[in-house]
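Note that ligands are numbered from 1 as they come in the structure, with each ligand's atoms numbered from 1 the same way. Heavy atoms only: backbone and side chains are in, while hydrogens, waters and symmetry mates are out.
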Amino acid sequence: MADDHENPAADPLNAQTPLALRQPLIDPFGRAITYLRVSVTDRCDFRCVYCMAEDQHFLPKKDILSLEELDRLCTAFVERGVRRLRLTGGEPLVRRNVMALFRSLSRHLRNGVLDELTLTTNGSQLARHAAELADCGVERINVSVDTLDPVKFKAITRWGDLAKVRAGIDAARAAGLKVKINAVALRGVNEDEFDDLIRFAHADGMDLTLIETMPLGEIGADRTDQYLPLSTVRAQLAERWTLEPLAYKTGGPARYVRVAETGGKLGFITPLTHNFCEGCNRVRVTCTGTLYMCLGQEDAADLRAPLRASEADAMLHGAIDEAIARKPKGHDFIIDRDHRKPAVGRTMSVTGG
Ligand code: SAM
């Protein structure tokens with residue numbers, strides 16, 4: 001890697017120069033973009049039935065941004081006022097040497113220009129990375145666990161091993177990371193398990209968030225069969241648990257209640273039954289440098305070309321500005337028998353969940 005002191009961005013994984021903050025990103029609806037989710041790989045070691053087809057095709061390596069390019073891209077957003085950065089995927093921890101990216105991005109935490117560096121993971125590789133994540137300044141992580149039944153877990157993830165994931169969660173907690181469990185609500189699959197998931201998460205001081213399935217990508221299955229409205233789930237849970245609404249927000253789309261019996265927090269992400277776009281503060285970048293201004297819309301901007309065209313960041317910032325000026329008001333997900341096609345063609349593993 002070139003030693004170019006004129007342009008620290010040329011070697012971003014070693015860059016130490018403090019950032020000069022630029023014009024913040026404000027979209028046409030006056031929403032400040034302060035949160036970036038970055039899919040660092042489209043690959044995953046699971047094949048969750050609602051997320052990917054079993055024979056999912058992955059992107060050629062040449063199309064994927066290098067770790068240095070990902071760092072440069074994230075840093076450009078941090079310069080523009082992004083305060084929270086979440087690495088996701090695919091499965092972020094299967095990307096080779098991904099810890100080098102965490103390590104380099106952690107400089108923004110130390111420099112005070114970033115409030116949070118975090119990750120969404122399936123937990124399969126967490127046991128070996130937890131301590132280093134904590135050392136990089138990661139404080140809380142999301143781990144996806146849809147069921148506590150090992151056989152069902154295998155059926156949902158096709159390739160996953162629940163014992164490994166639970167060991168990963170234990171390692172994360174032992175390393176001092178705050179863990180939130182995410183579970184997608186699936187009709188006829190885990191709808192009888194929410195009580196157990198609440199007890200499991202809250203017994204160890206972990207928050208739990210339930211997520212509605214979103215119509216993203218062709219997965220070779222009918223989503224009307226999987227879709228379970230969380231309005232129904234919440235009403236049923238309220239028959240057994242005391243759910244006290246909380247003002248608490250993490251800056252994300254989840255709405256939280258406290259479960260009085262456990263003292264723990266329970267979140268609901270309801271893109272279908274309740275549109276959460278109003279306060280949207282986020283954009284997403286894929287591992288190929290495609291910027292999606294909305295999870296549920298097709299419009300996107302290519303940031304890889306301006307990134308690769310020049311070592312300076314002027315073109316990149318120009319492309320980011322143009323894209324944010326087009327951020328739509330919101331998505332309009334619908335799942336019913338008349339809407340069998342996904343809202344967008346790409347799966348969550350491409351855009352980054
Ligand atoms: N591999 C990591 C993981 O498992 O958390 C990060 C990527 S994964 C795509 C992020 C989250 O998106 C997971 O919690 C997953 O369950 C969720 N997800 C994937 N496809 C979804 C869909 N169609 N609707 C709702 N959630 C989905």
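In terms of N/O distances under 3.5 Å, ligand 1 is not approached by Thr120. The shortest N or O to N or O distance between Tyr50 and ligand 1 is under 3.5 Å. Note: no N/O pair closer than 3.5 Å links Ile211 and ligand 1 by distance alone. Residue Thr213 has no N or O atom closer than 3.5 Å to an N or O atom of ligand 1.
Near Glu212, meaning under 4.0 Å from one of its heavy atoms, ligand 1 places the atoms 24 (N), 25 (C). In the vicinity of Thr88, heavy-atom distances shorter than 4.0 Å reach the ligand 1 atoms 6 (C), 7 (C). Against a heavy-atom cut-off of under 4.0 Å, Val184 is close to the following atoms of ligand 1: 16 (O), 26 (N). Near Met214, the atoms of ligand 1 lying under 4.0 angstrom from a non-hydrogen atom of the residue are 22 (C), 23 (N), 24 (N), 25 (C).
With distances taken over non-hydrogen atoms, the option nearest atom 1 (N) of ligand 1 out of Cys44, Gly90, Cys51 is Gly90. Closest heavy-atom approach to atom 8 (S) of ligand 1 within the set Ala185, Gly89, Gly123: this belongs to Gly89.
Contact annotation for Asn142 and ligand 1: no heavy atom of the residue comes within less than 4.0 Å of the ligand. Here Asn122 has heavy atoms under 4.0 Å from ligand 1 in both its backbone and its side chain.
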Kindly indicate, with the supporting measurements, whether the criterion salt bridge (charged side-chain N to carboxylate O under 4.0 Å, His left out) is fulfilled by Asp207 and Lys180.
-> CA-CA 5 Å; Asp207 294 346; Lys180 178 162 81 72; over 6 Å; no
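Under the 4.0 Å criterion applied to side-chain N and carboxylate O atoms, Arg103 and Asp135 are assigned as salt-bridge partners.
Looking at heavy atoms from C-beta onward, Leu67 lies out of side-chain contact with Phe102 at the 4.5 angstrom threshold. Contact check for Val78 versus Leu105: no side-chain heavy atoms found under the 4.5 Å cut-off.
For the ligand labelled ligand 1, residue Met52 lies outside the 4.0 Å heavy-atom shell.
Checking Glu261 against Thr242 by side-chain atom types alone, a donor-acceptor pair falls below 3.5 Å. Side chains of Arg86 and Thr120: a donor-acceptor N/O pair is present below 3.5 angstrom, by distance only. Under the 3.5 Å distance criterion, with hydrogens and angles disregarded, a donor-acceptor pair is assigned to the side chains of Asp146 and Tyr50. For the residue pair Asp63/Thr288, the side-chain donor-acceptor check at 3.5 Å is not satisfied.
Residues that satisfy the side chain to side chain contact (heavy atoms under 4.5 Å, CB included) test with Lys154, not counting sequence neighbours, are absent from this structure.
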